[in-house]
Number of protein chains: 2
Amino acid sequence: MSDAPREIEALIEMMAKLPGLGPRSARRAVLHLIKKRGLLMNPLAEAMQAVAQTARECLNCGNISTGDVCPICTSEKRANGELCVVEDVADLWAMERSNVFKGRYHVLGGTLSALDAVGPDELRIPKLIDRVTSEGITEVILALNATIDGQTTAHYIADQLDGRVNVTSLAQGVPIGGELDYLDDGTITAALRARKSL
Amino acid sequence: MSDAPREIEALIEMMAKLPGLGPRSARRAVLHLIKKRGLLMNPLAEAMQAVAQTARECLNCGNISTGDVCPICTSEKRANGELCVVEDVADLWAMERSNVFKGRYHVLGGTLSALDAVGPDELRIPKLIDRVTSEGITEVILALNATIDGQTTAHYIADQLDGRVNVTSLAQGVPIGGELDYLDDGTITAALRARKSL
Ligand SMILES: [Zn+2]
Ligand SMILES: [Zn+2]
């Protein structure tokens with residue numbers, strides 16, 4: 001509740017639903033937007049509508065893209081036999097920023113979780129197993145968060161792929177309990193270079 | 001840089017300009033919006049456009065409103081002779097949430113600042129002096145932040161109004177260096193009740 005006009009109140013409530021923004025920072029953000037109506041608020045609303053209309057999940061890997069299949073999946077240059085498995089798109093972006101991985105990705109859409117009742121079929125694990133064969137993958141690199149659920153998921157995938165393909169995981173540099181998207185590019189590069197067989 | 005498609009990259013850059021959001025939280029917010037396209041992203045874009053079209057500053061007090069003059073300025077009930085002076089609209093909202101002040105407001109739009117070269121004419125101080133006469137104000141309550149610039153501004157306004165009207169300020173409960181918009185409703189209520197003459 002901010003005692004603002006109804007339209008502004010509604011906007012504040014929606015902004016407060018974004019991760020990282022509470023009611024107070026949502027109010028500050030909306031006042032900032034109102035002050036910068038022409039320069040920021042109108043362009044932001046238009047950019048949001050453009051993205052809402054065009055953004056979708058790549059049918060092959062789960063990356064966010066503007067077509068049915070993302071540019072990484074369609075690029076022949078990225079077909080080097082390496083497939084990097086990440087939990088979500090933010091992690092894929094973090095890997096791309098480090099600029100050291102030249103293969104393709106597979107976005108699981110989360111981790112296995114007994115607590116939240118997330119099983120293999122809730123994730124993109126069956127599709128991952130298909131891709132290993134259909135895309136001639138020689139190495140699956142598990143770049144999952146160093147959390148309990150992330151590591152459980154890594155071991156489950158390694159078991160499923162056992163004998164079919166070389167399965168490695170990011171090793172050195174990922175701190176215990178750490179999340180990939182928080183790491184600097186150097187740490188990600190080091191972890192990728194020092195990857196080990198599972 | 002997130003290596004997202006161009007449209008998404010543009011949206012992330014705009015989101016990162018909002019106060020309280022850095023590049024990382026902007027990326028997280030945009031991924032969340034893409035996941036909740038129908039439920040959150042489209043409605044948010046529409047709410048932003050609605051506010052961008054309708055929101056404006058009240059010509060009388062500087063409050064954000066959807067008309068030329070805000071509902072507080074047009075309400076006869078609020079014409080009780082008390083005028084509460086705040087730095088910005090977020091502070092007005094904070095005062096209204098405490099639900100204890102029944103008069104009208106005057107939003108300065110900042111504080112006097114030698115460092116940022118903000119003088120009385122950059123703020124709504126001339127208009128404040130007009131209103132004291134034209135609206136028959138009997139008490140001006142200065143509800144400015146307990147910062148150096150806030151207190152300098154309070155003393156400047158008290159000098160300008162000296163002899164014309166009773167000038168008080170929020171007293172008890174505002175912590176040194178504290179900002180009004182961070183306080184809970186009870187603290188604001190206590191500070192208002194214990195206001196003292198300057
Ligand atoms: Zn793809
Ligand atoms: Zn007004």
Side-chain angles (χ1 to χ4, degrees), chain A residues 1-8 10-11 13-15 17-22 24-34 36-38 40-57 63-67 70-71 88-90 92-97 99 181-182, chain B residues 1-8 10-11 13-15 17-22 24-34 36-38 40-57 64-67 70-72 88-90 92-97 99 181-182:
Chain A
M1 241 272 296
S2 70
D3 283 284
R6 194 174 40 74
E7 298 91 328
I8 298 176
L11 178 57
E13 272 173 32
M14 285 185 226
M15 291 290 285
K17 286 180 186 160
L18 295 178
L21 282 178
R24 181 175 186 282
S25 44
R27 288 195 297 267
R28 290 265 160 198
V30 167
L31 280 176
H32 183 78
L33 283 170
I34 291 172
K36 309 248 170 188
R37 242 166 306 180
L40 186 54
M41 197 180 207
N42 276 318
L44 182 57
E46 281 165 27
M48 253 180 220
Q49 271 166 338
V51 169
Q53 272 163 24
T54 58
R56 66 194 81 175
E57 286 181 354
N63 186 14
I64 297 288
S65 169
T66 52
C70 79
D88 64 35
V89 174
L92 184 158
W93 289 347
M95 290 293 299
E96 285 291 283
R97 283 197 300 278
N99 213 20
D181 188 32
Y182 278 96
Chain B
M1 239 272 296
S2 71
D3 282 283
R6 193 174 40 75
E7 297 92 326
I8 297 176
L11 178 57
E13 272 173 31
M14 285 185 226
M15 290 290 285
K17 287 180 187 160
L18 294 178
L21 281 179
R24 181 174 188 279
S25 45
R27 289 195 297 269
R28 290 265 160 196
V30 167
L31 280 176
H32 183 79
L33 283 170
I34 292 172
K36 309 247 171 190
R37 243 166 303 179
L40 185 54
M41 197 178 207
N42 276 318
L44 182 56
E46 281 165 27
M48 256 180 217
Q49 272 166 337
V51 169
Q53 275 164 22
T54 57
R56 67 193 79 174
E57 285 181 354
I64 298 288
S65 170
T66 53
C70 79
I72 295 176
D88 64 34
V89 174
L92 184 159
W93 289 348
M95 289 294 298
E96 285 291 282
R97 283 197 300 279
N99 213 20
D181 189 30
Y182 278 96

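Chain letters run A, B, ... following the sequence lines, proteins first, then strands; residues in each count from 1.
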| chain A interface, residue from B:K36, B:M15, B:R56, B:R24 that has the most non-hydrogen pairs under 4.5 Å |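 Highest number of pairs under 4.5 Å: B:R24.
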Is chain B contacted by the side chain of [X], its backbone, both, or neither, given a heavy-atom distance below 4.5 Å?
X: A:A55; answer: both
X: A:D88; answer: side chain
X: A:A52; answer: both
X: A:R28; answer: both

Side chain, backbone, both or neither: which part of [X] has a non-hydrogen atom closer than 4.5 Å to chain A?
X: B:R37; answer: side chain
X: B:P43; answer: both
X: B:I64; answer: both
X: B:A90; answer: both
X: B:L21; answer: side chain
X: B:L44; answer: both

What closest approach, in Å, do [X] and [Y] show between heavy atoms, and which atom pair accounts for it?
X: B:P5; Y: A:T66; value: CB-CG2, 4.0 Å
X: B:Q49; Y: A:N42; value: CG-OD1, 4.5 Å
X: A:A29; Y: B:P19; value: CA-CG, 4.0 Å

| query | Which one, A:A45, A:G20, A:S65, A:A10, leads in non-hydrogen pairs under 4.5 Å with chain B? | reply | A:A45
How many angstroms lie between [atom1] in [X] and [atom2] in [Y], if you round to the nearest 0.5 Å?
X: B:K17; Y: A:L33; atom1: NZ; atom2: CG; value: 11.5 Å
X: B:E46; Y: A:M14; atom1: CD; atom2: CE; value: 8.5 Å
X: A:R6; Y: B:T54; atom1: CZ; atom2: OG1; value: 9.0 Å
X: A:M48; Y: B:I8; atom1: CE; atom2: CD1; value: 12.5 Å

